Amino acid sequence: MRVILPDSTELELPDGASGLDAARAIGPKLAEQAVLVRANGSVRDLRLPLADGERIQILTTRDREDPDALRVLRHSAAHLLAEAARRLYPGTKVAIGPPIENGFYYDFEFPEPVSEDALERLEEEMRREIVEGREWERWETGRDEARRYFEEEGEPYKVELVDTAEGDISFYRQGDFVDLCRGPHLQNAAPIRAVKLLSLAGAYWRGDEHRPQLTRVYGTAFFDPGDLEAHLHRLEEAKRRDHRRLGKELGLFDFSDLAPGMPFWHPRGMVVWNVLEDLRRRENRRRGYEEVRTPLLYDSELWRTSGHWEKYQEHMFRLEIEERDFGLKPMNCPGHCLLYSIGPHSYRELPLRIAEAGNLHRNELSGVLHGLLRVRHFVQDDAHVFCTFEQIPDELLACLDYAYYLYDLFELDIRVELSLRPDNRLGTDEEWDLAEGELVKALAAKGLEYTESEGEGSFYGPKIDLHMDDSLGRSWQLGTVQLDLQMPKRFGLVYQGDDNAEHMPAMIHRALLGSLERFVGIYLEHTGGDLPLVLAPEQVRILPVSDAHRADAESLADRLRGEGLRAAVDERGETLGRRIRDAELEKVPYVVVWGDRESLDSVSVRRRGGEQSVLSADALTEELLAAARL
Ligand SMILES: [Zn+2]
Ligand SMILES: [Zn+2]
């Protein structure tokens with residue numbers, strides 16, 4: 001048989017040859033370093049046979065950043081962990097151990113609860129296994145035999161996995177550990193040059209709270225020790241920048257167990273919120289949007305009309321009032337359609353752009369709630385544009401212009417994704433062709449590069465999703481622009497055309513910063529809490545050196561407040577050094593120290609980051625005002 005190599009040359013192999021055989025045929029070095037074979041685009045264990053005509057690529061230890069190669073490495077490391085756990089803690093039962101993003105885990109039932117010390121012991125044992133050498137052996141077996149094996153080993157979780165496994169059963173062995181596993185795995189443990197166990201957590205067997213609670217051990221592994229070091233540094237930095245921690249330290253927001261997933265905003269947090277809200281209102285006015293306000297709670301009939309009852313119900317909070325089913329709105333769109341449908345419309349009113357920062361509720365599982373990033377209650381900078389089909393191109397472009405205007409203000413790097421029709425959708429293929437085509441045209445007109453995501457569109461229309469890459473290289477979705485021909489149809493929306501006939505308008509959904517909660521969370525992590533002057537709850541803090549300087553400090557603060565700046569005076573009896581340090585910890589962008597030498601002509605200023613200078617009060621005011629404008 002023949003397989004095709006990445007450079008399109010053909011390789012002649014005996015029938016039934018494996019990926020490893022192919023690597024050997026190319027060269028001994030390649031065979032030694034081989035990790036995995038990608039055949040016709042999907043990953044396959046090196047030990048498995050290739051098929052005639054397949055296009056193959058052999059990944060090696062040199063593909064140290066390839067996500068598939070890393071998954072194989074980490075999955076193999078997970079098996080080493082299970083081997084170590086069974087040896088160090090006899091009686092340990094093993095459950096599952098997959099690779100995950102950035103690492104792997106394995107779930108165990110330890111005979112006695114273990115503490116964090118176990119991480120170091122297990123890690124050391126894994127290193128010993130690597131040094132000692134481990135080879136993976138793979139074979140297939142019958143279901144009964146597999147069941148019997150795990151019963152004898154006293155592994156009830158594996159028995160259950162055998163019972164519910166689909167397809168053929170394969171085993172992998174290294175050392176004295178045999179696992180039920182689909183693979184793929186490394187040939188041996190040598191490529192695992194760096195391994196680290198990171199944390200312990202509780203995890204229910206099969207994610208079911210009625211089943212036993214297991215101990216999940218998280219770890220990661222790399223082909224290169226330098227890569228592990230860089231990864232650990234990023235983790236440390238991410239911890240330091242965790243928005244939940246910063247939100248508390250900076251006094252912006254909090255959470256309570258009595259309202260899971262629903263943030264409480266402190267006064268300082270509301271300053272940040274209102275800057276964003278003012279920006280939203282100002283730009284909406286400039287760009288021809290009108291503000292509306294619609295109810296939070298609707299009869300299920302509205303959700304049936306919109307399709308949410310059928311496609312989105314599990315994410316909605318429902319309640320019964322006077323024997324009628326109601327649902328809290330998870331998005332503003334159906335309410336806006338209802339609002340549109342209440343009165344007649346003429347083509348002269350179009351495009352009709354209506355905006356509402358409405359309160360939205362989504363029923364997220366408590367297990368996935370995460371600070372401001374995954375919440376049950378939030379507010380989007382949301383708007384809907386109702387327009388004629390001829391107006392679609394201009395309106396889409398205007399939405400993208402608006403989005404990039406905002407992203408430039410906050411100096412964000414944006415990545416664009418075009419999300420296309422999902423399997424579970426409303427409408428005809430012709431309608432989807434039209435809607436997707438319009439989005440493609442708008443992206444081309446704006447000159448934006450993008451990637452396509454098949455199947456990721458909304459059930460009512462395709463979307464342009466706008467993601468930002470943050471300072472740690474993580475990606476977050478912010479905005480979305482969606483073209484929808486389904487809601488107008490389902491709600492029977494019409495306008496009277498210049499031909500006096502009734503026509504259906506198109507509908508564009510767009511949120512640009514996304515949810516304000518989420519934006520604040522992401523932006524805090526991106527900046528590490530060093531908010532730009534315009535968003536800083538306190539822009540200037542003035543520190544009088546002694547009581548004698550208080551009056552002057554107050555009058556400078558008044559003067560700055562008079563210009564619309566947020567200035568405060570720290571008059572506490574603490575030492576000057578302590579007060580300067582507190583201002584730094586609270587990330588106040590400007591600190592003014594006022595002592596004997598200071599006057600309105602000579603103000604000594606420390607900028608966040610350490611830069612110091614002496615300037616006049618007028619020059620300071622000017623500098624602040626320039627930086628505080630959005
Ligand atoms: Zn496995
Ligand atoms: Zn919408």
Side-chain angles (χ1 to χ4, degrees), residues 3-7 9 11 13 16-51 54-84 97-106 123 126-127 129-140 170-175 177-197 219-231:
V3 292
I4 306 155
L5 300 177
D7 63 0
T9 57
L11 182 67
L13 294 167
S18 67
L20 193 54
D21 294 331
R24 285 197 190 107
I26 298 168
K29 181 122 189 148
L30 184 75
E32 191 194 313
Q33 295 181 340
V35 166
L36 161 80
V37 56
R38 215 178 257 147
N40 284 353
S42 57
V43 298
R44 189 176 304 165
D45 194 286
L46 285 168
R47 301 155 187 85
L48 288 171
L50 302 174
E54 273 184 323
R55 199 166 259 285
I56 67 160
Q57 180 193 2
I58 292 162
L59 298 178
T60 72
T61 51
R62 283 195 283 186
D63 294 298
R64 47 179 255 268
E65 289 180 5
D66 182 280
D68 288 332
L70 278 168
R71 283 176 72 81
V72 170
L73 181 91
R74 289 166 177 167
H75 190 175
S76 296
H79 281 220
L80 295 181
L81 168 61
E83 182 192 336
I100 52 175
E101 203 191 344
N102 294 321
F104 62 85
Y105 68 78
Y106 215 112
E123 194 181 299
M126 289 170 77
R127 277 209 201 89
E129 290 164 1
I130 294 169
V131 170
E132 210 175 84
R134 288 290 183 274
E135 309 242 330
W136 273 274
E137 185 191 338
R138 177 187 192 281
W139 71 97
E140 281 166 23
S170 54
F171 273 175
Y172 279 86
R173 182 213 311 272
Q174 98 273 0
F177 177 65
V178 175
D179 208 349
L180 169 75
C181 184
R182 282 181 203 289
H185 279 284
L186 298 173
Q187 302 183 63
N188 58 58
I192 309 177
R193 301 264 327 279
V195 64
K196 179 94 193 150
L197 296 184
T220 191
F222 289 88
F223 288 100
D224 182 292
D227 291 346
L228 172 64
E229 215 164 291
H231 177 70

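Here the structure is a predicted model, which means the values were calculated and not measured.
- Note that CG of L50 is 9.0 Å distant from CG of L11, once rounded to the nearest 0.5 Å.
- In this structure, L80 CG and E123 CD are separated by 12.0 Å, a value rounded to the nearest 0.5 Å.
- Shortest non-hydrogen contact noted between Q174 and E83 is NE2-OE1, 3.1 Å.
- Taking each heavy atom of R193 and D224 in turn, the nearest pair found is CB-N, 4.5 Å.
- Side chain of N40 to backbone of R55: a donor-acceptor contact under 3.5 angstrom is found.
- For the pair A23 and A34, the tightest heavy-atom approach, listed with the atom from each and the gap, is CB-CB, 4.4 Å.
- The pair D21-R24 meets the salt-bridge criterion, since a charged nitrogen lies less than 4.0 angstrom from a carboxylate oxygen.
- Using a 4.5 Å cut-off on side-chain heavy atoms (C-beta onward), Y172 and H75 make no contact.
- For Q187 (side chain) and A31 (main-chain N/O), a donor-acceptor pair under 3.5 Å exists by modelled atom type.
- Of the possible polar contacts, one joining the R44 side chain to the P49 backbone as a donor-acceptor pair under 3.5 Å is found.
- Exactly one of L73, T60, V72 qualifies for a side chain to side chain contact (heavy atoms under 4.5 Å, CB included) with P191. That residue is L73.
- The two residues Y106 and G97 have their closest heavy-atom pair at CD1-CA, 3.4 Å.
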Between M126 and L197, does a side-chain contact (heavy atoms from CB on, under 4.5 Å) hold up when you go through it step by step? CA-CA 10 Å; M126 289 170 77; L197 296 184; 4.0 Å; yes
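- Annotation: the span from L36 atom CG to D45 atom CG amounts to 8.0 Å, rounded to 0.5 Å.
- Rounded to the nearest 0.5 angstrom, L30 CG and L59 CG are separated by 10.0 Å.
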For F223 and D66, what are the C-alpha separation, side-chain angles and deciding distance, and is it a side-chain contact (heavy atoms from CB on, under 4.5 Å)? CA-CA 10 Å; F223 288 100; D66 182 280; over 6 Å; no
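- Residue-environment remark: CD (E32) stays at or below the threshold of 12 foreign heavy atoms within 6.0 Å.
- By the neighbour-count criterion of 12 heavy atoms within 6.0 Å, atom CD of E140 is densely surrounded, having more than that number from other residues, nucleotides or ligands.
- Checking side-chain atoms of E129 against main-chain N and O of A84 turns up a donor-acceptor pair under 3.5 Å.
- Side-chain contact between L5 and I26 is present, with heavy atoms from C-beta onward closer than 4.5 Å.
- When every heavy atom of R74 is checked against every heavy atom of A221, the shortest pair comes out as NE-O, 2.9 Å.
- Side-chain atoms of Y105 and P98, non-hydrogen and from C-beta on, do get closer than 4.5 Å to each other.
- Between atom CG of residue D179 and atom OG of residue S170 there is a gap of 10.0 Å, rounded to the nearest 0.5 Å.
- Distance check, rounded to the nearest 0.5 Å: NE2 of H79 to CZ of F104 gives 11.0 Å.
- Under a 3.5 Å cut-off, the side chain of S18 and the backbone N or O of L48 do not form any donor-acceptor pair.
- Salt-bridge annotation for D63 and R38: absent, with no side-chain N of the basic residue lying under 4.0 Å from a carboxylate O of the acidic one.
- Contact between I192 and L186 at its shortest, heavy atoms only, is CG1-CD1, 3.7 Å.
- At least one donor-acceptor pair under 3.5 Å links the side chain of T220 to the backbone N or O of N102.
- Ring planes of F222 and H231: tilted class, angle from 30 to 60°.
- W136 and H185 have parallel rings, their planes meeting at less than 30° on a 0 to 90° scale where 60° marks the start of perpendicular.
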